[in-house]
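Read the structure below first, then the notes.
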Amino acid sequence: MWKHFISDYLNFTKKERTGILVLLSLIVFFLILPFLYPYFIKPKTYNHKDFEKAVASLEIKQADSSGHFANRNPDKPYNQNYSQPNDKNNYAQQLKGELFYFDPNSASTSDWKKLGVRDKTIATIQNYLSKGGKFYKKEDIGKIWGLHENEVQRLMPYVQIQHVNSEKSPAEKHYEKKVYDKAIHSPAIVDINIADTAALIALPGIGSKLSQRIINFRDKLGGFYKVEQIGETFGLPDSTFQKIKGFMRLNNTAIRRININTATIDEMKSHPYLRYALTNAIVQYRAQHGNYTAVADIKKIMIFTEEVFNKVAPYLSVN
């Protein structure tokens, strides 16, 4: 049994043995390759003098491009380390001037120059003072445009301000935000059954579109019988209606009415409060029972609830 197993699974042909040997050889080669690498590739050697010359020439180019070393001495070695001066530090070193106690409200131009302040900054200070500006405390000099922080710290200990009137000058008042009293405008009272678009536009929150919608709604109804009907206008927010409600009156109570004994379905359904179902019921009841003797007779029709009747009744008549 074992002989049969070995003969079936551990016997290789000549080609298979050759492939196995090649594969093993490649594996061994790649395993020892890292150790053979230094023997085949030699590291490059660098000339330190050439490297220093290259660095020196690069530094010289940077210095030339900055413009600060255009007049350098050519006799100095090129590998000297040039550093670009810091403008802030230079400015700090240039701060020269005599320090003495002064009042910025009364100091003259010559006084500011003695203190080491630049001419442009002095002009700004004098312009501020000429317009009525004042320094009320020594820290105020820090607000001077063009006066650097190191100058402020240098001069502040020597500031001595005499008594200054606390009332603000016209120059300072000029920069204060003016507050204007809004004119209070009270709209005129409007009769909603005769008002035109101009009268309605004068009301708060009513523009040309809303005013026209109110009038169109009034015309379709045949007039308003109470102010609250304005609130039913399409597109009119309730918040706006509450604002204008107090400016509306109903002096003209003339309303166009519909005769329910003679009007057709088409004539009645054009009214905003009379849907087709209501108008059809009115006509059908009239056809079955004859003319109405009173508007209240339509309450006999089932679909006319008390709420619907009260809403539509002012627009109906029997003669």
Side-chain angles (χ1 to χ4, degrees), residues 46-185:
Y46 296 95
N47 190 328
H48 292 285
K49 290 184 179 180
D50 293 340
F51 177 74
E52 289 176 358
K53 287 181 180 180
V55 173
S57 64
L58 179 62
E59 291 177 348
I60 291 169
K61 287 180 181 179
Q62 290 177 344
D64 289 340
S65 64
S66 65
H68 291 285
F69 302 101
N71 298 322
R72 67 173 181 274
N73 188 349
D75 297 331
K76 290 186 179 181
Y78 288 140
N79 62 350
Q80 180 175 349
N81 183 19
Y82 291 97
S83 60
Q84 185 174 347
N86 187 300
D87 290 339
K88 252 185 189 179
N89 295 335
N90 272 1
Y91 179 72
Q93 293 173 0
Q94 292 172 6
L95 287 177
K96 295 180 181 179
E98 180 183 350
L99 290 173
F100 54 87
Y101 292 102
F102 68 99
D103 184 349
N105 289 316
S106 57
S108 62
T109 302
S110 59
D111 292 335
W112 288 107
K113 284 185 177 180
K114 286 181 182 179
L115 290 167
V117 180
R118 297 182 307 283
D119 292 340
K120 190 174 181 180
T121 306
I122 295 173
T124 302
I125 297 170
Q126 297 301 330
N127 184 46
Y128 174 71
L129 294 172
S130 66
K131 292 183 178 180
K134 297 290 183 184
F135 298 95
Y136 295 97
K137 55 185 183 296
K138 62 182 182 179
E139 289 80 6
D140 287 348
I141 67 170
K143 301 176 183 178
I144 298 173
W145 180 261
L147 197 65
H148 294 263
E149 181 64 26
N150 49 1
E151 287 182 294
V152 174
Q153 298 300 326
R154 174 175 167 269
L155 298 176
M156 194 179 297
Y158 296 90
V159 175
Q160 289 185 342
I161 298 176
Q162 303 298 324
H163 177 71
V164 180
N165 188 358
S166 60
E167 184 180 355
K168 293 186 178 180
S169 65
E172 293 168 313
K173 290 179 180 178
H174 174 73
Y175 295 101
E176 289 184 348
K177 185 178 180 181
K178 295 182 179 180
V179 179
Y180 298 94
D181 294 332
K182 188 177 180 180
I184 299 174
H185 174 69

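Numbers here are sequence positions counted from 1. Just so it is clear, the model here is predicted, and its values are computed rather than measured. For the numbers below, each heavy atom of this structure counts, side chains included, while hydrogens, waters and symmetry mates do not.
Not one N or O on the side chain of Arg154 forms a donor-acceptor pair closer than 3.5 Å with the backbone of Leu99.
Side-chain contact between Ile122 and Lys113 is present, with heavy atoms from C-beta onward closer than 4.5 Å. Side chains of Trp112 and Thr109 form no contact here, defined as non-hydrogen atoms less than 4.5 Å apart. Looking at Pro104 and Val159, their side chains come closer than 4.5 Å, going by heavy atoms from C-beta outward. Val117 places a side-chain heavy atom less than 4.5 Å from the side chain of Leu155.
Under the rule for a side chain to side chain contact (heavy atoms under 4.5 Å, CB included), the partners of Ser108 that lie at least two apart in sequence or sit in another chain are Ser110, Asp111. For the side chain to side chain contact (heavy atoms under 4.5 Å, CB included) test, residues two or more places apart in sequence or in another chain that qualify with Asp140 are Phe135, Tyr136, Lys137, Lys143. Here Asn127 pairs with Ser130, Lys131 under the side chain to side chain contact (heavy atoms under 4.5 Å, CB included) rule; sequence neighbours left out. The side chain to side chain contact (heavy atoms under 4.5 Å, CB included) check on Tyr101 picks up Tyr158, Gln160, with sequence neighbours excluded.
A distance of 8.5 Å separates CD1 of Ile144 from OG1 of Thr124, quoted to the nearest 0.5 Å. Remark: Thr121 OG1 to His148 NE2 distance equals 7.0 Å, nearest 0.5 Å.
Between Tyr128 and Trp145, the ring centre distance reaches or exceeds 6.0 Å.
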